[in-house]
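The structure under discussion appears below in the form of structure tokens.
Side chains included, hydrogens not; waters and symmetry mates left out as well; all remaining heavy atoms used.
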Amino acid sequence: QVQLVESGGGLVQPGGSLRLSCTASGSIAGIYFMAWYRQVPGKQRELVAGIKNGGNTNYVNSVKGRFTISRDNAKNTVDLQMNSLKPEDTAVYYCYGQPFYWGQGIQVTVSS
């Protein structure tokens with residue numbers, strides 16, 4: 001069983017940057033797909049960025065060119081670098097590990 005813990009969230013002004021980190025309690029080397037999701041009240045949780053063990057990545061269109069996902073299997077971490085943040089990026093962000101591992105979520109608020 002792997003537990004995922006997110007860190008790095010908070011309040012940032014529009015145009016600013018944040019780096020989210022997801023640290024696993026065990027090895028993620030055997031987890032093929034890991035990702036970051038986000039959710040705002042009243043809406044479905046959406047996939048923001050995903051990364052496979054071979055390094056292939058995918059992003060939701062609204063964050064392409066601004067967010068970068070990375071993973072370090074040796075450190076058991078998955079990071080999300082978020083640049084040029086917009087108010088519409090405000091959400092609770094969740095770390096996910098296939099097939100059913102979820103973090104508790106962390107708030108990101110983009111506001112002046």
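Applying the salt bridge (charged side-chain N to carboxylate O under 4.0 Å, His left out) test to pairs two or more places apart or on separate chains, those with a residue in residues 58-76 are Arg66-Asp89.
Residue Leu80 holds its CG atom at 9.5 Å from OG of Ser21, rounded to the nearest 0.5 Å. To the nearest 0.5 Å, the span separating CE on Met34 from SG on Cys95 amounts to 4.0 Å. Atoms CG and CE, on Leu20 and Met82 in that order, are 3.5 Å from each other to the nearest 0.5 Å. Interatomic distance, Gln1 CD to Tyr101 OH, rounded to the nearest 0.5 Å: 5.5 Å.
The environment of Glu88 atom CD is dense: over 12 non-hydrogen atoms of other residues, nucleotides or ligands sit within 6.0 angstrom. Heavy-atom neighbours of Phe33 CZ from other residues, nucleotides or ligands within 6.0 Å: above the threshold of 12.
Outside the 6.0 Å centre-distance limit, the rings of Tyr37 and Tyr94 are not counted as a close aromatic pair. Centroid-to-centroid, the aromatic rings of Tyr96 and Trp102 come within less than 6.0 Å.
Grouping the Ile, Leu, Val, Met, Phe, Trp and Tyr side chains by contacts below 4.5 angstrom, directly or via other members, places Val5 apart from Phe100.
Gln107 and Thr109 form a side-chain donor-acceptor contact under 3.5 Å, judged by distance and modelled atom types alone. At a cut-off of 3.5 Å, with distance as the only test, no side-chain donor of Asp79 or Ser70 sits close to an acceptor on the other residue.
Contact of the Pro87 side chain with the Pro14 side chain is registered, since non-hydrogen atoms from C-beta on lie closer than 4.5 Å.
Qualifying side chain to side chain donor-acceptor pair (under 3.5 Å) partners for Ser62, counting only residues two or more places apart in sequence or in other chains: Arg38.
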